[in-house]
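Because only heavy atoms are used, hydrogens play no part in the values below, and waters and symmetry mates are left out as well, while side chains stay in. Per chain, numbering begins at 1; letters A, B, ... match sequence-line order.
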2 protein chains.
Amino acid sequence: MNNQKIKNAGLKVTLPRLKILEIMEKNNKHLSAEDVYRILMKSGEDIGLGTIYRVLTQFETAGLVLRHNFEGGQAVFELERGVHHDHLVCIKCGKVEEFMDDTIEKCQNKVAQKHHFKIKDHSLVIYGICNNGDCKGIEDE
Amino acid sequence: MNNQKIKNAGLKVTLPRLKILEIMEKNNKHLSAEDVYRILMKSGEDIGLGTIYRVLTQFETAGLVLRHNFEGGQAVFELERGVHHDHLVCIKCGKVEEFMDDTIEKCQNKVAQKHHFKIKDHSLVIYGICNNGDCKGIEDE
DNA sequence: TTTGCTGCAAATGCTTTGCATGTAG
DNA sequence: CTACATGCAAAGCATTTGCAGCAAA
């Protein structure tokens, strides 16, 4: 389990690391470092923001989490589940949804090939206004 | 010409704005604010970095330039030429190429529709290693 | 003249780091 | 006991902003 994941990453098993990994697992959302910080505070844990950044960066290096730089300053992290996907981000409420489209993936490879690029990674984010809950119909600039 | 573009944006025609717009036009590249700053310094102009950020932001608002947040801190700007395209970025040499793929565009719309998102914008960046000049074959992590 | 612009430096927001102390192995 | 972790506060980096002086219209 998590204990093992952390060891495999070559890191010592400590409370902050366990807690953070736990949070990333429970919230199958996309969390910023501050989000994690707030969640930890609420559950009474006293872990510094600096540590959270450090740990999340280590987890990223170890391939345990993914970091995304959507528009608007804060990076967000999600647990790496081994299933590639891209993102839809609501510019009104911040909601993030995931999707995967084989046709798009294939086209990207073709494009890279055509331009003689050896593809390493890609980032596809669709920004829009979602139609769920609070966001429904509320639209302005 | 540029004079008019600036007026149409509701801005006064000043030397800094003219110079910056000129640079964006000459270099059909993707420039960071600092790039613009360096170019201005070299040509003897004495324009503050703050002004460059301010002007580029105003140009962005006016639709004269586009701002991209590729990985790695600095935002880059390019002249808006009215032709939509996405980007290939070389993670070794920083080279940026543009492409446009109708199939991908269409798929994105379908995806947005399926998720009940009213699409406003999207960002597709393919990161890889280009095969041109300095970059050829040079590959490491 | 009036309104808007610029340079400068200080402020900001997110993230990283140095260091002394603490703790897993 | 030793190497690595943590908390804290300070530093870093890209970008924004306040303000007094300047310039376009």
Side-chain angles (χ1 to χ4, degrees), chain A residues 1-23 30-41 43-62 64-77 94, chain B residues 1-23 30-41 43-62 64-77 94:
Chain A
M1 77 255 275
N2 286 347
N3 222 295
Q4 200 55 46
K5 278 191 184 179
I6 294 173
K7 274 187 196 157
N8 291 343
L11 301 168
K12 285 186 180 171
V13 179
T14 64
L15 194 86
R17 303 220 250 240
L18 276 171
K19 285 290 172 195
I20 292 171
L21 194 46
E22 209 171 278
I23 287 172
H30 299 72
L31 301 173
S32 69
E34 290 233 23
D35 290 335
V36 175
Y37 182 65
R38 255 176 266 119
I39 294 172
L40 282 167
M41 293 305 261
S43 40
E45 303 294 337
D46 204 6
I47 294 176
L49 186 53
T51 299
I52 295 173
Y53 275 106
R54 243 179 324 221
V55 169
L56 285 173
T57 303
Q58 291 161 340
F59 283 0
E60 186 194 10
T61 305
L64 293 177
V65 305
L66 297 174
R67 181 194 301 242
H68 303 293
N69 293 293
F70 298 149
E71 312 229 327
Q74 306 211 162
V76 297
F77 299 82
Chain B
M1 77 252 279
N2 287 347
N3 223 295
Q4 200 54 47
K5 278 190 184 179
I6 294 175
K7 275 187 195 154
N8 291 343
L11 301 168
K12 285 187 179 171
V13 179
T14 63
L15 193 86
R17 303 219 250 241
L18 276 171
K19 285 289 172 195
I20 291 171
L21 194 45
E22 208 172 279
I23 286 172
H30 300 71
L31 301 174
S32 68
E34 289 233 24
D35 289 335
V36 175
Y37 182 64
R38 255 177 265 119
I39 294 172
L40 282 167
M41 293 305 262
S43 39
E45 304 293 338
D46 205 6
I47 294 176
L49 187 53
T51 300
I52 295 173
Y53 275 108
R54 243 180 321 220
V55 170
L56 284 173
T57 302
Q58 292 160 339
F59 284 179
E60 186 194 9
T61 304
L64 292 177
V65 305
L66 297 174
R67 181 195 300 243
H68 302 293
N69 293 293
F70 299 150
E71 312 230 326
Q74 306 211 164
V76 296
F77 299 82

Measure [atom1]/[X] against [atom2]/[N] and give the value in whole Å, please.
X	N	atom1	atom2	answer
Ile20(A)	dA5(D)	CD1	P	13 Å
Leu40(B)	dG7(C)	CG	P	10 Å
Ile47(A)	dG22(C)	CD1	P	17 Å
Asn3(A)	dA24(C)	CG	P	12 Å
Glu45(A)	dG7(D)	CD	P	10 Å
Leu18(A)	dT6(D)	CG	C1'	14 Å
Lys19(B)	dG7(C)	NZ	P	13 Å

Atom CZ of Phe77(B) and atom CG of Asp35(B): how far apart are they, to the nearest 0.5 Å?
10.5 Å
Roughly how far, to the nearest 0.5 Å, is the CG atom of Leu21(A) from the CG atom of Asn2(A)?
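So the CG of Asn2(A) and the CG of Leu21(A) are separated by 4.0 Å.
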Between the main-chain N or O of Val55(A) and the side-chain N or O of Arg17(A), is there a donor-acceptor pair closer than 3.5 Å?
no
Go through it in stages, so that I can follow the logic: the residues are Ile20(B) and Leu40(B), the test is side-chain contact (heavy atoms from CB on, under 4.5 Å), and I'd like the CA-CA distance, side-chain angles, deciding distance and then a yes or no.
CA-CA 8 Å; Ile20(B) 291 171; Leu40(B) 282 167; 4.2 Å; yes
Reading 5' to 3' through nucleotides 10-25 of chain D, protein heavy-atom contacts under 4.0 Å coded B for base, S for sugar-phosphate only, - for none:
----SSB-B-----BS
Under the side-chain contact (heavy atoms from CB on, under 4.5 Å) rule, what do Thr57(A) and Arg67(A) come out as? Steps first, then yes or no, please.
CA-CA 8 Å; Thr57(A) 303; Arg67(A) 181 194 301 242; 3.0 Å; yes
Which atom of Pro16(A) lies closest to which atom of Ile47(A), heavy atoms considered
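Closest heavy-atom pair between Pro16(A) and Ile47(A): CA-CD1, 3.5 Å.
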Any side-chain N or O of Arg17(A) less than 4.0 Å from the OP1 or OP2 oxygen of dA24(C)?
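Negative; the distance criterion is not met.
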